[in-house]
Amino acid sequence: MIPPRFEYHAPKSIGEAIKLLSDLGDGAKLLAGGHSLLPMMKLRFAAPEHLIDINRIPELRGVREENGHVIIGAMTVENEVINSPIIQARLPLLSDAAKLIADPQVRNRGTIGGDIAHGDPGNDHPALAIAIDATFVLEGPAGRRQVAAGDFFFGTYMTALAENEVLCEIHAPAFAEGTGYAYEKLKRKTGDWATAGCAVVMRKTGDTISHIRITLTNVGPTALRANDAEAALLGKPLDAANIAAAAAAAAAICDPAEDLRGDIEYKTAMAAEMVKRALKAASARCA
Amino acid sequence: MEVKLDKQYPLDVDADRAWALLSDLKATAGCMPGAEILEQLSDTSYKGAVKVKVGPAVAQFGGTVDVIETDAATRTVVLRGKGADKGGSSASMDLTAVIAADPQNPAHCTLNGAAAVIVNGKFAQFGGRMMVQVSEMILAQFVENFRQTALTLPAASQSSGTSVDADSAPVDAAAPEAPAKPTPQVATEINGLAIFWSLVKGWLRGLFGSRG
Amino acid sequence: MAKKLITVTVNGKQHESAVEPRTLLVHYLREELNLTGAHIGCETSHCGACTVDIDGQSVKSCTHLAVQCDGSEVLTVEGLANKGVLHAVQEAFYQEHGLQCGFCTPGMLVRSYRLLQENPNPTEEEIRIGISGNLCRCTGYQNIVKAVQSAARKLQEAATAAA
Amino acid sequence: MNAPTDNAEARELALAGMGASRLRKEDARFIQGKGNYVDDLKLPGMLHMDIVRAPVAHARIKRINKEAALAMPGVHAVLTADDLKPLKLHWMPTLAGDVAAVLADEKVHFQMQEVAIVIADDRYIAADAVEAVEVEYEELPVVLDPFEALKPDAPVLREDLAGKTEGAHGKREHHNHIFTWEAGDKAAADAAFDAAPVKVSQHMYYPRVHPCPLETCGCVANFDPIRGELTTHITSQAPHVVRTVVSLLSGIPESKVRIISPDIGGGFGNKVGIYPGYVCAIVASIVLGRPVKWVEDRIENISSTAFARDYHMDGELAATDDGKILGLRVNVVADHGAFDACADPTKFPAGLFHICSGSYDVPAAHASVKGVYTNKAPGGVAYRCSFRVTEAVYLIERMVDVLAQKLGMDKAEIRAKNFIKKEQFPYTSAFGFEYDSGDYHTALQKVLDAVDYKGLRAEQAAKRADPDSPTLMGIGLVTFTEIVGAGPSKMCDILGVGMFDSCEIRVHPTGSAIARMGTITQGQGHQTTYAQIIATELGIPSEVIQVEEGDTSTAPYGLGTYGSRSTPVAGAAIALAARKIHAKAKKIAAHLLEVNENDLDWEVDRFKLKSDDSKFKTMAEISWAAYNQPPEGLEPGLEAVHYYDPPNFTFPFGIYLCVVDIDRATGETKIRRFYALDDCGTRINPMIIDGQIHGGLTEGFAVAMGQQMPFDAQGNLMGNTLMDYFLPTAVETPKWETDFTVTPSPHHPIGAKGVAESPHVGSIPTFTSAVVDAFSHLGVTHLDMPHSSYRLWKSLRDNGAAL
């Protein structure tokens with residue numbers, strides 16, 4: 001399994017990368033962690049004429065905090081997400097969930113931005129990003145623009161990212177005090193994509209749920225936000241009946257593709273089960 | 001690997017114009033994203049090529065399209081397309097397309113498409129996970145291209161041609177009553193047209209929604 | 001397609017090479033530098049037999065371009081021993097029967113070496129997670145886990161003695 | 001004075017002979033990255049081969065266009081079946097008496113079949129050239145199900161066999177039929193069933209799986225046109241057989257063919273066969289006069305070389321009301337794929353499947369196996385087992401569970417009731433095998449005590465009584481007997497070569513030694529354990545004994561390492577070669593001590609005078625003397641060769657118990673406990689035995705819980721990368737508890753039976769037994785593998801047990 005030939009470019013700045021994208025046009029692809037793109041090239045599914053390696057752009061990497069927001073460089077690798085004290089303190093959902101992605105070596109190369117920009121419904125960060133109300137900062141020849149995570153994913157491998165744009169940063173508000181969270185991912189083994197996954201972010205006022213996000217991984221053409229499931233819980237306590245109602249509402253929007261992980265029925269049922277588990281785990285973490 | 005699709009696409013095009021387009025295979029093929037007819041082999045057989053791009057992945061097939069049946073009375077076309085890439089990984093599609101007039105609105109019709117897509121080789125083995133979703137995307141984009149092209153055709157009768165409400169058809173860019181300059185904004189491939197796709201999805205949802 | 005000139009330090013030795021951009025790091029190491037310790041098992045980044053250390057991080061060299069290593073320091077299994085003295089993980093794999101056919105061993109060793117730098121005193125569960133990017137078909141991992149535990153103890157003892 | 005006995009013990013320890021957990025001699029090179037695997041080899045002028053493969057499962061080849069590939073710089077040749085035809089190498093014989101296409105000849109029979117080869121300067125150019133070869137196919141109807149294949153109007157898969165009604169194993173009844181093979185006494189079995197008050201039957205499918213060693217298959221063929229010699233480094237578990245076959249195919253005398261199996265990165269049966277890739281690389285090297293390397297990638301490995309299993313089995317047991325088995329009947333439809341390339345002893349198209357009466361005293365039994373062609377890859381190898389023994393053990397162990405369930409008996413109780421008793425050995429089974437030794441009752445009791453079996457059953461009862469229990473608990477128990485060490489050459493041969501094995505030992509003047517073997521290690525540690533046998537036999541420290549294998553130019557002819565035959569066959573050859581040396585050494589010692597041989601006793605590493613402990617000659621002294629002052633009439637030197645043709649197979653056994661908890665919401669299974677007691681007779685190196693058992697159990701876990709080769713309706717193999725094909729990581733792999741008893745084989749020179757495959761063979765039905773046990777209170781008698789979460793969830797749902 002050998003990739004086809006390509007020209008290699010290693011820009012040092014975002015501007016340089018965008019210029020290369022614009023100049024080289026359709027045949028150019030960005031190389032982030034490479035753990036999706038390189039295997040596709042080795043299988044000869046993809047044959048870009050140019051690879052633009054954005055690993056040498058320092059401004060794309062790192063985690064910082066500004067005005068109550070966490071800002072994560074798109075080229076921050078999964079292990080940095082796991083080990084970042086800022087993310088651990090402000091968005092612990094991400095550092096917890098990233099441990100469930102791939103394996104230790106791949107987490108040294110795989111980036112949060114690559115995971116998002118690829119547009120693969122099997123990836124975990126899309127659902128996580130929607131759950132934390134993240135915004136993506138995209139930069140193209142015309143400058144920067146921001147797209148809410150919920151508006152970014154259109155279909156399998158289809159996102160709001162234009163061909164001449166680079167995903168630069170992921171912004172998300174730090175969790176308020178007492179926020180509960182969980183990511184439940186059912187997988188066949190280490191390194192696998194989710195059979196079904198669910199991210200929950202929850203805040204409670206007393207026993208009443210005052211904020212809720214429920215998002216799903218790999219049970220549709222994109223990550224899904226389970227709006228009806230959220231509605232079934234908002235302003236209510238988390239009791240067995242409400243959990244069941246939310247799980248059922250989440251299952252109703254699932255449209256998974258059958259594969260070796262399971263058929264539509266199983267994946268839908270597992271999405272519902274992951275919703276239940278994530279709700280309980282998130283609730284237990286709410287202060 | 002086989003995927004079966006059975007879809008109804010409501011169109012803001014009258015049935016006569018839609019049928020006029022559907023029965024012209026070359027023109028219809030032009031609506032298929034990435035497809036082109038290269039050569040007519042016989043009255044009912046054509047040589048063609050398709051290029052499908054999904055994210056970074058590219059598939060290129062060369063093959064034939066045969067018109068198995070054309071029935072003007074029922075406005076039905078049955079097609080069989082078969083193709084393979086250089087190494088022999090293959091794809092085939094049996095498609096039955098029917099234009100059904102809208103009894104409530106003579107300016108509208110429904111395109112019914114039933115397709116059985118069979119894919120062999122590496123696309124089945126490694127792309128299987130995406131097959132249904134990608135097939136649906138391609139088909140939906142085909143329908144949008146079809147609709148736009150059909151709207152550029154001369155109206156068959158006076159009764160046709162009322163445009164749908166702009167709110168429910170946000171991509172209604174081409175002027176339905178302007179047959180003189182047929183320059184539909186058809187998408188030639190499904191890659192990089194994600195925004196377009198999101199709009200198509202919204203539009204379809206709107207139409208389905210309005211029809212309950 | 002023009003070759004790219006890269007400078008890469010492998011096991012402490014600097015190499016300057018002209019490589020085709022598509023050259024995978026594992027092929028560069030094995031075929032250009034004749035360091036055949038890193039093996040190719042799956043080619044899709046699942047088995048970890050090709051694991052090497054790049055700038056202090058474990059990486060699967062079958063899914064990494066040689067050209068991406070320009071300016072980097074790479075450590076392979078051949079570089080683990082110091083002047084003929086085996087590293088504690090190598091010694092422990094030998095003592096605890098942590099290998100059979102030997103094919104996964106180089107990747108497993110380089111990964112274990114790095115794991116113990118990241119976490120000098122791992123629990124059994126942390127070891128299992130830590131080597132979960134490396135497949136072994138022979139040992140069932142049980143003795144590999146024992147070997148990593150044993151190496152951790154040896155390294156800790158050495159660190160205490162040195163302090 | 002020193003106490004001689006203490007001395008002897010100390011000396012014995014110093015030898016690190018049999019019974020010592022000696023550290024492995026092999027490890028030094030592996031832990032330093034200095035192993036020598038096929039892909040590590042680089043020869044001057046070496047070219048690389050890559051293969052154009054069929055993307056479809058059944059098709060006629062209409063056209064192959066090589067032009068674009070040939071025009072690429074660095075491409076030396078593109079060869080198709082038409083190019084091999086003049087050499088008559090476009091087809092080759094298989095080990096099973098069939099022929100297989102080397103390159104697809106007009107037709108492809110399975111997806112990923114070899115269609116053309118490309119030879120280029122390096123593997124990158126070769127891969128590009130493969131892409132550039134254009135092939136046009138006319139697709140044909142695909143047959144994937146062997147039952148469909150046998151229907152009268154099924155498409156003809158093997159047009160090359162048109163009109164052939166006689167196959168290698170008898171009459172062919174249908175154009176897709178390969179053979180029907182029977183064992184046992186049908187009339188006796190039928191009579192037992194007619195008379196029996198209790199009968200049970202069960203259909204079960206043993207899925208197609210792949211051994212998937214971490215190193216794929218490959219070779220470096222190097223034909224020297226000046227000397228007319230062919231040297232090939234190859235990933236083979238049987239290098240001598242490869243040499244014979246290559247010589248027969250190529251016409252090069254066997255003396256000019258040198259096959260070298262270097263370090264092998266795991267075999268598990270995958271590396272027994274002779275694959276088109278090897279043949280093509282050899283042909284290319286002969287044609288081009290340069291070394292040619294071919295190494296398959298993982299997708300090619302899983303898709304095209306050596307599947308295992310794929311048995312559709314129907315079992316029936318007849319019994320008394322109180323659970324005494326009276327008869328066994330088995331019918332198997334075996335999917336052999338496109339070519340019958342099973343790696344079995346030639347006379348046994350279903351291998352040793354007729355060990356399927358298991359550990360039980362079954363008075364009457366009959367088995368029938370029907371081999372069928374389909375549009376799948378050929379193979380049918382013994383995946384870490386003796387030929388088809390895994391299937392046989394699975395069948396009988398499942399059937400005994402089914403019978404116990406029908407009678408409401410406990411699994412342990414029904415087994416104890418039907419065991420062959422210790423005093424019945426040697427025991428001749430209804431299928432005619434003579435079991436060498438066993439003590440099943442003792443071993444079973446040891447396991448039941450160790451795990452508190454009664455306590456587990458009580459816990460299970462409590463869980464079943466609780467409707468809210470989040471899990472279903474299951475207890476699996478298997479009491480298996482293997483048959484390994486093929487084999488007596490009166491019964492077993494490969495292409496006419498008897499399945500003996502061999503050893504040559506030379507003791508050097510200074511007392512160190514070298515042993516050369518016909519087997520080849522793939523991780524089993526032969527270099528360590530073989531030396532231990534010699535150490536004990538000859539009193540030479542194992543540290544100074546070199547063991548060499550795998551080079552046909554230096555090693556004596558042997559049939560190779562598979563089917564757990566290394567210890568039972570080659571291990572015996574070592575012991576007997578050593579004993580020849582021992583006998584000569586005794587003569588020399590007697591000569592040196594000027595006594596009669598009968599006056600001497602052997603003690604650890606020396607011959608001593610029976611009458612006087614202080615008068616002795618050590619092996620070191622004897623070795624020196626053998627080259628300096630041999631007794632008159634005795635030739636100098638101290639070496640021996642032994643070709644060992646075993647009088648019988650050996651029959652290792654084991655008792656395995658497993659406890660699982662199945663998540664009622666997701667179908668996920670947690671292996672809470674797995675207790676494996678093995679009896680492999682005499683134990684040579686307990687450390688290595690434990691390691692082999694850990695590995696075999698892990699492979700069994702993978703097979704039972706996740707491995708499968710699923711095909712879609714068009715014959716596309718879905719899941720041929722390690723993303724989908726289940727190889728467990730350290731996280732999924734359970735922790736294993738091991739135990740043992742020792743019942744030596746009476747006919748083996750050192751009493752050893754072989755061990756590495758038992759854990760694979762025994763564990764797979766144990767997992768199934770445990771999983772089914774979790775459902776048994778719901779009336780479930782059997783569930784087919786793999787027991788993936790998805791499949792178990794469906795069972796939970798279907799049986800009203802899903803949460």
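In what follows, every chain begins at residue 1, and chains take the letters A, B, ... in the order their sequences are listed.
Annotation: side chain of C:His39 is in contact with side chain of D:Asp40 (closest heavy-atom distance under 4.5 Å). Side-chain atoms of D:Gln32 and C:Val77, non-hydrogen and from C-beta on, never get closer than 4.5 Å to each other. Side-chain contact check for D:Tyr37 versus C:Ile40: every heavy-atom pair is 4.5 Å or farther apart. Contact check for C:His46 versus D:Arg298: no side-chain heavy atoms found under the 4.5 Å cut-off.
The contact between D:Gln692 and chain C is made by backbone and side chain atoms together, counting heavy-atom distances below 4.5 Å. Using a 4.5 Å cut-off between heavy atoms, D:Ile688 touches chain C through backbone and side chain atoms alike. Heavy atoms of D:Phe268 lying under 4.5 Å from chain C belong exclusively to its side chain. Heavy atoms of C:Leu35 lying under 4.5 Å from chain D are absent altogether. Both the backbone and the side chain of C:Thr23 come within contact range of chain D, judged by heavy atoms closer than 4.5 Å.
Most heavy-atom pairs under 4.5 Å with chain C: of the set D:Leu214, D:Val295, D:Thr733, D:Asp122, this distinction falls to D:Leu214. Interface check for chain C: of the options D:Thr216, D:Asp297, D:Asp263, the most heavy-atom pairs under 4.5 Å are formed by D:Asp297. When each of D:Gln524, D:Met723, D:Arg384 is checked for heavy-atom pairs under 4.5 Å with chain C, D:Met723 comes out on top. By number of non-hydrogen pairs under 4.5 angstrom with chain C, the leading residue of D:Lys735, D:Lys34, D:Gln522, D:Arg29 is D:Lys735. Of the listed residues (D:Leu697, D:Thr698, D:Leu23), the one with the most heavy-atom contacts under 4.5 Å to chain C is D:Leu23. The candidate from D:Ile264, D:Asp128, D:Asn36, D:Asn301 with the greatest count of non-hydrogen atom pairs under 4.5 Å with chain C is D:Asp128.
Pairs passing the salt bridge (charged side-chain N to carboxylate O under 4.0 Å, His left out) check and including a residue from residues 153-163 of chain C, sequence neighbours excluded, do not occur. Pairs passing the salt bridge (charged side-chain N to carboxylate O under 4.0 Å, His left out) check and including a residue from residues 65-89 of chain C, sequence neighbours excluded, do not occur.
When all heavy atoms of D:Asp39 and C:Arg30 are compared, the pair lying nearest together is O-NH2, 3.0 Å.
Contact annotation for residues 89-117 of chain C against chain D (heavy-atom separation below 4.5 Å, listed by residue number): C:Gln90, C:Phe93, C:Tyr94, C:Gln95, C:His97, C:Leu99, C:Gln100, C:Cys101, C:Gly102, C:Phe103, C:Cys104, C:Thr105, C:Pro106, C:Leu109. Proximity to chain D at a heavy-atom threshold of 4.5 Å picks out C:Glu124, C:Arg128, C:Ile129, C:Ile131, C:Ser132, C:Leu135, C:Arg137, C:Cys138, C:Thr139, C:Gly140, C:Tyr141, C:Gln142, C:Asn143 from residues 124-146 of chain C, in numerical order.
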Candidate pair C:Cys42 and D:Thr721, rule side chain to side chain contact (heavy atoms under 4.5 Å, CB included), full reasoning: CA-CA 7 Å; C:Cys42 72; D:Thr721 68; over 6 Å; no
For D:Lys42 and C:Asn34, what are the C-alpha separation, side-chain angles and deciding distance, and is it a side chain to side chain contact (heavy atoms under 4.5 Å, CB included)? CA-CA 9 Å; D:Lys42 203 161 133 184; C:Asn34 293 318; 2.9 Å; yes
